[in-house]
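Numbers restart at 1 for each chain; the letters A, B, ... are given by sequence-line order, proteins then strands. What you are looking at is a predicted structure, and each value in this text was computed from that prediction instead of being measured.
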Amino acid sequence: MFNNMTLSDSAQQEADLPGSVLLIIGMVVVAACLFLAMSLVQFQSTDQPLVTLVVSNLEQSGVENPVTAVLLNFRSYDTLLEVAVLLIVALAVMPFSLQDTRLPFIKVSEPVERSLVLEAFLRWLLPAIIVTSGYLLWTGAVLPGGAFQAGALLAGAGILLLLAGHHSFNFNAPTARLLLVVGLAMFLLVGAGVVLSSGIALAYPVAMAGMLILVIEVAATITIAAVLVLLFCALQIEPLGPQPNRVEKEKHS
Amino acid sequence: MPVIDVASLLPLLIAIPLIGAIFSVLLSTKYAQVLIGLLSALALVLVIGLILVNLPSVDTEFTTPLRYVLAGWEAPLGIALSLDGFSALLLSLTVFLVTVLTFYSAFYFAASPARVRFWPLWWLLVAGINALFLSADIFNVYVTLEIIGLAAVALVALSGNKAGLTAALRYLLVGLLGSLCYLLAVALLYHVYGTLDFAQLAAKAESNPLSWAALALITVGLVLKTALVPLHFWLPHAHGSAPAPVSAILSALVVKASFYLLVRFWMEILAPAVTNEALMLLGILGGTAILWGCVQALRAKRLKLMVAYSTVAQIGYLFLLFPLLMSTEEASASQLAAQQQSALAAVSYFIVAHACAKAAMFIAAGNIIHSLGHDDIAKLQGMAKYMPLSLFTFAIAGGSLIGLPPSAGFIAKWLLLNVAIDTHQWWWVVIILTGGLLAALAIFRVLDQAFIKPEQASDHVAPDNWQKVPVAMPVSGLALALCTMALGFNADLIIDLIAIEGGE
Amino acid sequence: MTQALLYGVFGIALFGIGLFGVLAIAHVVKKILAINICGVGVFMVFIANASSGAAPDFVPHAMVLTGIVVAVAGTAMALSLVVRINALEKPEEGA
Amino acid sequence: MISGELFIDLLLGSGALVTAILCLTAKDLFQAILLFISMGLLVTLAWVRLGAWDIAIAEAAIGAGLTGALLIATRRQLNQ
């Protein structure tokens, strides 16, 4: 069954690709890679002007970690669009139904099977994870770390919560939708708001840069965590499509 | 002296659709989403109108593109938006089509639960397309390509049936692979030239192995996304199984977005690394695409699939741009520039003509599916009696695709033929004319069924599965089809806009 | 051969392996894995080049960070499509 | 001669290559996923070697960790 699906429908090419075709593809790929590698090796590396530019402008960026400075100040527009990518994926995998919009975001219920170890673990781990992700976010200004790492950690907490079985998330609830867009909305708001002081979109005033970056990062962390939990939900729990079919099938059997 | 600083309007073209997307996520009731959609479209029209009005005309000194430095950091450290004649044309086209299709979608998705997801994704897709046309940074382009790719896939998957999902998955995998090829090229270019900015790269670029490798990777990646033969295999099913407004925007704009980038790289950014042989190769692939797409369109059994295959053929015409850019030994630099300019003008005209005609066709096909529940060409007998507007739209748009005068398609082909003859590449003339003939056969096959056999209609159209569509749906298609006619009469508009770039 | 060049070549090799995998393997999930391997290869070229100078260049680091998130987003979308197609296919085969 | 430092890099890089090949040739999907995750971890070490700490953290958390979790979840769905 599984093989059928992958062979007949979802594959770009059939599995029983003839050996000769494979050989040709392989040779082309190898030749292309060899050419790439050769030209990379032969190239005499020049000076990189951006190294000094990043270092010399770091003081005005509002943060001390150069990667964070690039992500959220120098090239913040890329990051803004990246948050939009996350929103697209969230919308794509979201199990939409109009009825669920009135239900609350988090539903607490009695789990089918209780895992005492996991529960005890969670009671201690959950606060620790949240504190750690806050710490990662905070230190992102100085040390490696930042919104994405913190968001991933926070999402880990959400997924553990889900696995424990007490809670389930309804991503059609207004709160959930707010969480999904808050990162993008805050980014846009700050990006447009600074026009008032600096006259240029996304150009933070130097004095407030650190604070504004932190605001954006907090909002982005929340969205990232929400999107990641949603991704996990969409794959983990029930697929979105044919629930009626499935129920019917169970009746038959 | 312009009244306002035009450049400062550029970010709005990206911000407006993003805001529209945010609000359509938050307010998911039917009327709120439609209202948000219409307001966003209106705002976009206003902004692009302001930009076009304030754009310096050809006569004045306007040799450099408009530039807006985001975040106040000049390139190479920061990212800039830029606008020249070519991108201004494509942006205007985008805003125009998006407005019409937004209006259409308001009716198309009126009763469908898919609208909850459609509207935010729609505005994110529009934001991606606008961002791509405005971008002046090769890495930023990668992010916009991903926005477009992922949003387009999500929209194709809205149909929810197995064929649609499978087509979406294949489209997604192809898109991801294409983006990665492009990204590897970005890595190489950044390594060699130390900048990501279009203009700075163009100034520094030279012909060396890494530039060739980067150009080859970019071309493979973007050709995959543009669906040029032989890498077109994903397009017909993705475009053929999406909801009608999505098919329309995919064929009209999304494939053009990656083509636009190819033009940027081949004509400007990496122009020194381009060789005549490479240009010829793209031309040959384009010629093959024209013939192959037309033949497949003739063989297609479903109307939407036929329209999608016609897109494959039309993409082929776009790639005829490249051989027409070739330099010859006797031509001077200024002659070459003039030749390239007229080739670009012809192809830009082609893009606009095809976008309007193809969007109109997909709308017409969507209306037919909406009322019949199928789009089997063999079962369309006598449909003209029931859906006169949709089939009239189909006929006009088809006329433009074939290249019948006085449509925009005719002017586009005429311009292209002129350049081909001027550059002594007569074989393209043969291919363009053959392509027109084959397209005519494909279109007339449908019209023949729909118009000429009314007496058999009663046997085939069961009145009980017949659904009337709101009159606004065929009307928006007809508006687009009539635009192809109007453009045929006002060819100067577009050619002048492209000429703004001529200073370079 | 320096460290940067070594990793650059490894990155290209990883890209090649992934590319071959995407083209040659029919299994969708493995195709998705192969695309991810391609992505890792590209990121490695970025980072290797960034460390070729005297001081590390942080702009490619930021770009790769963006790239990783986008790659995960694409992967998640692909996997969710696979799951949905699979769910649509099951009832048919059971019947 | 290859210095000790470079030897570690060579080992890490070829290790990543070998796991990548094994991952794509593995017969069992679960095995392939595990090999993919271990490749992610090897690559994380490579990022550390190249001084890219931010990316190492992101790769471990998102690239290997989250992608791996999503893949395993998908496999469970497919095998149900």
Review point. Do the rings of B/Phe265 and B/Tyr182 sit parallel, tilted or perpendicular, given the 30° and 60° boundaries?
Key: perpendicular

(Q) Pair B/Ser135, B/Thr144 - check side chain to side chain donor-acceptor pair (under 3.5 Å), show working. (A) CA-CA 9 Å; B/Ser135 184; B/Thr144 63; 5.7 Å; no

Chain B shares the most heavy-atom pairs under 4.5 Å, among C/Ala48, C/Cys38, C/Ala78, C/Gly41, with C/Ala78

If one checks every heavy atom of C/Leu19 against chain B at 4.5 Å, the contacting part turns out to be side chain

Answer key: most heavy-atom pairs under 4.5 Å with chain C among B/Val186, B/Leu77, B/Leu150, B/Val143 is B/Leu150

Under 4.5 Å to a heavy atom of chain C? For B/Leu172 that would be side chain

What do the steps show when you test B/Ser211 against B/Tyr193 for side chain to side chain donor-acceptor pair (under 3.5 Å), and what is the final call? CA-CA 10 Å; B/Ser211 295; B/Tyr193 302 112; 2.4 Å; yes

Contacts satisfying ring-ring contact (aromatic ring centres under 6.0 Å, His included) that involve residues 142-165 of chain B (not counting sequence neighbours) are B/Phe139-B/Tyr142

Pair count under 4.5 Å, heavy atoms only, with chain C: among B/Leu165, B/Leu196, B/Leu188, highest is B/Leu165

**Prompt:** Between B/Lys162 and C/Glu89, is there a donor-acceptor pair closer than 3.5 Å when you use the side chain of the first and the backbone of the second?
**Reply:** no

